[in-house]
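Inspection log for the structure reproduced underneath, given as structure tokens.
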Amino acid sequence: MLQLVECVLCLREPVAYVPILKGKAGEFLALGHASAEVQSQIRPVMEVVPDCDVRDLLEAFCDRAMEDVPNGMVLTVDCGALPAAQVLKGDAGGPMVRVGESLSWRQVAMCPVFRGTDTDETLAEVRAVMAWHQQGGCLRISSARDAQERRPDEERVREMLRTLRAAPEEIDLIIDAGPVHSRDGRTALAVEVLDTLKHMTQWPWRHECVAAGAFPVNLTNFPRGRATPVVREDALLWQQVRDQWRGEVPVSSLSTSSGAPAARQGPLLGRAAVGVSSRPCRPAGAGRAGHIGISRH
């Protein structure tokens with residue numbers, strides 16, 4: 001079993017944490033068993049992982065969401081890894097609209113993820129899901145150095161918003177820096193992230209998140225049975241971005257656990273983890289900054 005205790009470094013409080021998780025049974029189970037305090041502070045992004053039978057895959061994903069997503073939590077869903085083809089023969093709709101419809105029947109609130117490379121047909125499905133669930137949408141952009149997709153320019157952003165019939169204030173922005181495993185890589189990524197932030201924050205997005213991950217690629221040489229501290233390159237990346245970012249802090253309309261609008265805040269940190277800890281995060285600055293503890297059993 002692997003445990004990863006996440007801590008979030010942010011510009012202001014209160015703050016939500018945005019874990020990006022694979023939409024599998026273990027991740028849903030961890031989400032459902034997290035403490036109420038942790039659940040109130042997170043807004044998870046679930047990625048639908050490709051499988052041979054898309055119909056069964058989507059059915060299982062929605063069943064798990066109905067079973068384990070806490071009442072009142074909005075589930076941001078990313079179907080970007082799936083083919084956009086229709087799910088059922090003779091029936092309109094690709095994976096996004098099928099998931100949106102199914103989660104609506106199950107009374108699970110959903111926010112759909114879209115990208116600058118999506119076709120008009122896919123964006124039309126995102127628009128339909130946004131209309132059903134009334135939870136807005138989420139624009140996900142990669143700033144990883146080896147990313148194949150290009151950052152959307154101003155015209156493309158305006159075009160997407162027109163197609164979605166949405167204002168920027170209805171859209172969350174995720175800037176995904178990808179994995180970071182070295183100081184040199186972190187420095188280069190910080191430049192990319194800051195450049196993307198500068199370009200994208202000319203629009204008043206509902207909320208902004210900078211995502212990165214630094215879980216070790218290989219655990220072979222880690223000792224068993226005890227916690228081993230490793231450098232938290234993703235947290236250090238966030239510190240660099242936070243310290244160098246000089247942009248205006250946008251208003252966030254995400255809610256706190258009390259239901260009141262969250263305070264004005266800057267970009268958040270999120271990324272995929274092996275598991276969601278049921279323990280609340282330590283405040284920023286507690287313990288050794290830039291380190292995580294990994295235990296292997």
Side-chain angles (χ1 to χ4, degrees), residues 1-10 15-35 38-39 41-50 76 78 80-81 113 140-147 174-190 192-193 209-242 267-297:
M1 177 183 178
L2 299 176
Q3 283 188 319
L4 177 58
V5 180
E6 295 283 2
C7 98
V8 183
L9 301 172
C10 35
V15 66
Y17 173 54
V18 184
I20 302 178
L21 306 169
K22 301 296 182 185
K24 296 183 177 181
E27 282 77 0
F28 274 112
L29 192 64
L31 181 62
H33 283 76
S35 69
V38 170
Q39 290 176 352
Q41 297 176 48
I42 63 176
R43 179 153 178 166
V45 176
M46 281 289 184
E47 298 176 332
V48 183
V49 182
T76 301
D78 190 344
V113 171
R140 186 170 178 178
I141 296 174
S142 177
S143 64
R145 304 193 73 195
D146 59 350
I174 292 180
I175 298 174
D176 191 348
V180 50
H181 296 302
S182 69
R183 183 174 61 181
D184 290 343
R186 167 168 44 89
T187 300
L189 273 175
E192 298 285 346
V193 169
C209 169
V210 173
F215 199 80
V217 176
N218 193 315
L219 298 178
T220 302
N221 296 320
F222 283 82
R224 293 178 179 272
R226 63 183 177 86
T228 303
V230 296
V231 176
R232 181 75 185 265
E233 291 289 355
D234 52 352
L236 295 174
L237 168 67
W238 172 246
Q239 286 181 319
Q240 276 189 256
V241 171
R242 181 194 61 186
L268 306 184
L269 175 69
R271 190 54 187 158
V274 172
V276 178
S277 171
S278 62
R279 290 171 287 176
C281 303
R282 289 184 300 174
R288 288 175 291 177
H291 285 74
I292 53 177
I294 296 176
S295 61
R296 185 181 185 207
H297 302 286

Of the non-hydrogen atoms in [X] and [Y], which two are nearest, and what is the gap between them?
{"X": "E233", "Y": "A214", "value": "N-CB, 3.9 Å"}
{"X": "F222", "Y": "P216", "value": "CZ-CG, 4.0 Å"}
{"X": "A177", "Y": "S143", "value": "CA-OG, 3.6 Å"}
{"X": "G185", "Y": "V180", "value": "C-CG2, 4.3 Å"}

Spacing of [X] atom [atom1] and [Y] atom [atom2] [to the nearest 0.5 Å]:
{"X": "F215", "Y": "H181", "atom1": "CZ", "atom2": "NE2", "value": "10.5 Å"}
{"X": "L21", "Y": "T76", "atom1": "CG", "atom2": "OG1", "value": "11.0 Å"}
{"X": "S142", "Y": "E192", "atom1": "OG", "atom2": "CD", "value": "9.5 Å"}

Could you work out, with side chain to side chain donor-acceptor pair (under 3.5 Å) as the rule, every residue matching Q240, not counting sequence neighbours? R186
Check whether the side chains of T220 and N218 place a donor and an acceptor atom closer than 3.5 Å, and report yes or no. yes
Measure the shortest side-chain to side-chain distance between R232 and D234 over non-hydrogen atoms and say whether it is less than 4.5 angstrom. yes
Is there a side-chain contact (heavy atoms from CB on, under 4.5 Å) between R140 and I20 once you walk through the steps? CA-CA 11 Å; R140 186 170 178 178; I20 302 178; 3.9 Å; yes
Check whether E47 reaches the backbone of D78 with its side chain - one donor and one acceptor, N or O, closer than 3.5 Å. no
